[in-house]
Amino acid sequence: MTTPRRELPPRYDAAAVEPAIYERWMAADAFRPADEAPPGAAPFVIIQPPPNVTGALHLGHAARTTVEDTLIRYHRMRGDDTLWLPGVDHASIAAQFVLDKIIAEEGETRASLGRERYLERMWQYMDATRETISIQHRRLGASADWSRLRFTMDEGSARAVRTAFKRLWDAGLVYRGEALVNWCPRCLTTISDLENVHRDEMGTLWTIRYHLERADGTPDPESWISIATTRPETLLGDTAVAVHPDDERYRSLVGRHAILPFLGRRLPIIADEHVDRTFGTGAVKITPAHDMDDYELAKRHGLRAVTILDEQARINAEGGDFFGRDRYEAREAILDRLRETGDLEAEEPHPMVVGHCDRCGTVVEPRLSVQWFIRVKPLAERALASVREGRTRILPPHFEKVYAHWMENIHDWAVGRQLWWGHRIPAWFCPDGHITVSDAAEGPDACSECGRPSNELRQETDIFDTWFSSGLWPFSTLGWPDETDDLARFYPTTVMETAYDILFFWVARMMMLGLFCTDVEPFKTVYLSGMIRDPYGQKMSKTKGNVVDPLETINEIGADGMRFALVTGTSPGNDQRLTKAKLDGGRNFTNKLWNAARFVVGVMPEPLAQPEGEATLAERWIASRLADAVERATRQLDDLELAAYAASAHEFAWTDYCDWYLEMVKVDLRREGASDGERSRAWHAAEGALATVLQLLHPIVPFVTEEIWAQLASDAGAGGRSTLLISAPWPAVGQRDPVAEAEMAVLIELIRGVRNARMEAGAPASARLPLTVVPANAATRDGIERGLDYLAALARVGPIDLRQPGDDRDRPELVSSTAGAAAWLGGEPSAVSDAPSRQAANEAHLRRGVERLRLLLAGDFAERAPAAVVERERARLADLEAQLRLLTGG
RNA sequence: GGGCGAUUAGCUCAGCUGGUUAGAGUGCACGGUUCACAUCCGUGAGGUCACUGGUUCGAGUCCAGUAUCGCCCACCA
């Protein structure tokens, strides 16, 4: 039987090949779990953190997808019952922000369209972006089960949202009440504390005189109390002035009244411990409706709250002359007027912290309104206990402390949003003010308290914070609240991989809601990825123009190369700087694999015969190294040490397999007088080892390994491996061969030593130099003898005079010494100069080592350290001593 | 004002429960047209593991403190 010699294309064109491979996987339905769980298989489930529908794929998604895909591919190969469920988040506030901008270009606004048409427009937009996001993930190689693609606005999610909210309501964990909440005057909605991001800014502290009230109720031009404020425009809403009760300066004023400028409102001067005497003038204006502190204080003192800003932060009708002005215009106008009246006493720069809307950057305005809240304390306690007691662990572990701190100091969650795009809160008001919460899709039949029919009820117009539906994600995607087969089979999930910046937003909410709804932790491990930064450590952002587009990168270097770059050199919870050099490194690796395969396929012997003969040293060695590599990779992937896995698998493939083994295979394949059977055996070994390397690397570089696998499978040599690599089993850990490894270690050291010596001597690279080798002992000699051809080829030496141990007569000049053997390199005097210094340097180095170890072993170390450690040092000493004897002929 | 993290080769980063001579990639220097790969091969130089103390036979690793950078949380106008 003859097999025609085959050849792989000289260049691997990732951009062209990868999509075709993905099609192959899709066609084979390779991403879907089996219809039923294989008996005895452990579930391994990742519910994908849903990217926002608004965003194109960025490097953060790419990095996370790579981690998830690597894990899922590994577990799929392991034969686990794997499910990777992908999804998309509707991101209500972010989506509206984006859509508002789009319709603005069309000359429309939210108001001009109206709720219904606006939402229609949103769905159109969503349908397009959802598709884009899926396509982009596929280009990355994401082996998610696309047949289960979910969306947080689909009916499954909607039902979960209604059910969860109803249960929270029934459990008394929901309330509706007036509160001062964060309001974005641009997005026109409440936002949560988390979405209110604080930034340090330089503001101004103004000192303003409030004149005291005279007996006749008019302001006294001669007496006043000076207050300090950073927000003079809010004085229109002042209802008091507060001082510290122990402040001597103001004691006599407490109980009197000041008159508010412009509006003439009477402001009681009150005492409260909360006032900081050392700040400003020690007297503070109280604006309950526009300041969180003042609101609390006002509640204690029963003060009135006057709202003076409308929803767009313009002065409302309460503001007298300033009506209709923007808050900052009003500020200037008020300051001007105070200057005119001489009541602006001072102004000085003042560093302060200002809250901004996470989405649009607008300065957030505290706003008094009626809101829905979830009482999260009881939920947080359970979520905290789960992590404390180890039922869910967070990687890296120090984030458990961050998580705990947040859970311990959690505030009630203002869960309503005055937006349109999202799940409407399933609460209905009746004319008598009763509230009915219903989990039915069509709403309640009647008021739950007075029985008024549904046509008299009015549904709440607020929608839920996006994160409420996201918080139900791990189980709403599996059919909850129904007790579906999927839920039983795949819940709780295994790994929740996401970026640390949404630990509170999302992970915390999933923990709380998951425990509340399902009584079990929604995942076993939280794997927190870091952020991708530019080469200078800056966050990537469109405005900075330093964004690397993953799709462009994929088109340039292939998804595999990018995946590899995104995983190596990272650790959970730590940001990484991504450089061109790193991406190129990933690309080079796929190139290396391709070329190794090209070589293996290209050197298939003709004819390919029945293998015969004993395994060579190289074959035994690579089998043993492979066993080690598989064992390591398995452990690292089990431990979620992805970077370590990628690095060690890379090193094995490049160094052990390509640099050493393939070079030796060349010797075996081209050995004079070898039979067809022997050559075929050597080739099968190389091809088989390559196949294992592909299995080992498939999780991280799936495309190139799949493509090579296909090429191998179409060879006669690879019978029985015709299935797709994605569905192939994870390699079993093979047998180690300590003898082969030891012998090869000596040989490798010898080859390195000789190469080094040649370089130092300046011998021409092409020159074949005679070599004299004196092994340390008979066993070592056997090993070297077995590898004599490798030594000759890889060190470019010959003839080789392999002597008996101890025989160092008439040796040449240039020396290399290793643990197993000393070698003397001969040749033309011009080719090998500088020999004596090399001999001396080697000797000196060995003597230093011997001395150091003798000293160590003479001290306390020998008595106090564990026996195994001491033994290891003793062995090292013996080794060095033997080398020294070998070198000096002593 | 609290809390967390980082500080290891020129650069980007690994280094698990303390145990050989601290590693990788990249960059650098030198040498390579040997039939897989120059996106490559070979050889080499480069580190007081931020600093100061402590625990230990032994510390990059554990403890305390200091410095610099970064992040998170926080209702001082």
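We name chains A, B, ... by the order of the sequence lines, and we start the count at 1 in each one.
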What protein N or O atoms touch nucleotides 27-29 of chain B N or O atoms at under 3.5 angstrom, if any, and at what distances?
none

Atom [atom1] of [X] and atom [atom2] of [N]: how far apart are they, to the nearest Å?
X: A:Arg598; N: B:U39; atom1: CZ; atom2: C1'; result: 13 Å
X: A:Leu855; N: B:G58; atom1: CG; atom2: P; result: 14 Å
X: A:Asp501; N: B:G5; atom1: CG; atom2: P; result: 18 Å
X: A:Leu395; N: B:C4; atom1: CG; atom2: P; result: 19 Å
X: A:Glu365; N: B:C75; atom1: CD; atom2: P; result: 16 Å

| request: Produce a footprint string for nucleotides 15-26 of chain B: one letter per nucleotide, 5' end first; B if the base is under 4.0 Å from any protein heavy atom, S if only the sugar-phosphate is, - if neither. | output: ----BBB----S
| field | Under 4.0 Å protein heavy-atom contacts per nucleotide of nucleotides 62-73 of chain B, with B for base, S for backbone only and - for none | value | ----------SS
| field | Watson-Crick or G-U stems involving RNA chain B, each at least 3 pairs long, distances under 3.5 Å, ordered by first number | value | B:1-7 with B:67-73, B:10-13 with B:23-26, B:28-32 with B:40-44, B:50-54 with B:62-66
| request: Could you pull out all residues at least two apart from A:Trp594 that satisfy ring-ring contact (aromatic ring centres under 6.0 Å, His included)? | output: A:Tyr12
Check residues 529-536 of chain A and write down every donor-acceptor pair under 3.5 Å in which the side-chain atom is one partner and the other belongs to a residue at least two apart or another chain.
unit_1	atom_1	unit_2	atom_2	d
A:Ser529	OG	A:Glu497	OE2	2.4
A:Arg533	NE	A:Asp575	OD2	2.6
A:Arg533	NH1	A:Gly537	O	3.1
A:Arg533	NH2	A:Asp575	OD2	2.9
A:Asp534	OD1	A:Tyr536	N	2.8
A:Asp534	OD1	A:Gly537	N	3.0
A:Asp534	OD1	A:Gln538	N	2.8
A:Asp534	OD2	A:Asn546	ND2	2.9

| field | Phosphate OP1/OP2 of B:U43: any A:Arg752 side-chain N/O under 4.0 Å | value | yes
| query | What about A:Lys592: does its side chain form a donor-acceptor pair under 3.5 Å with the base of B:C37? | reply | yes
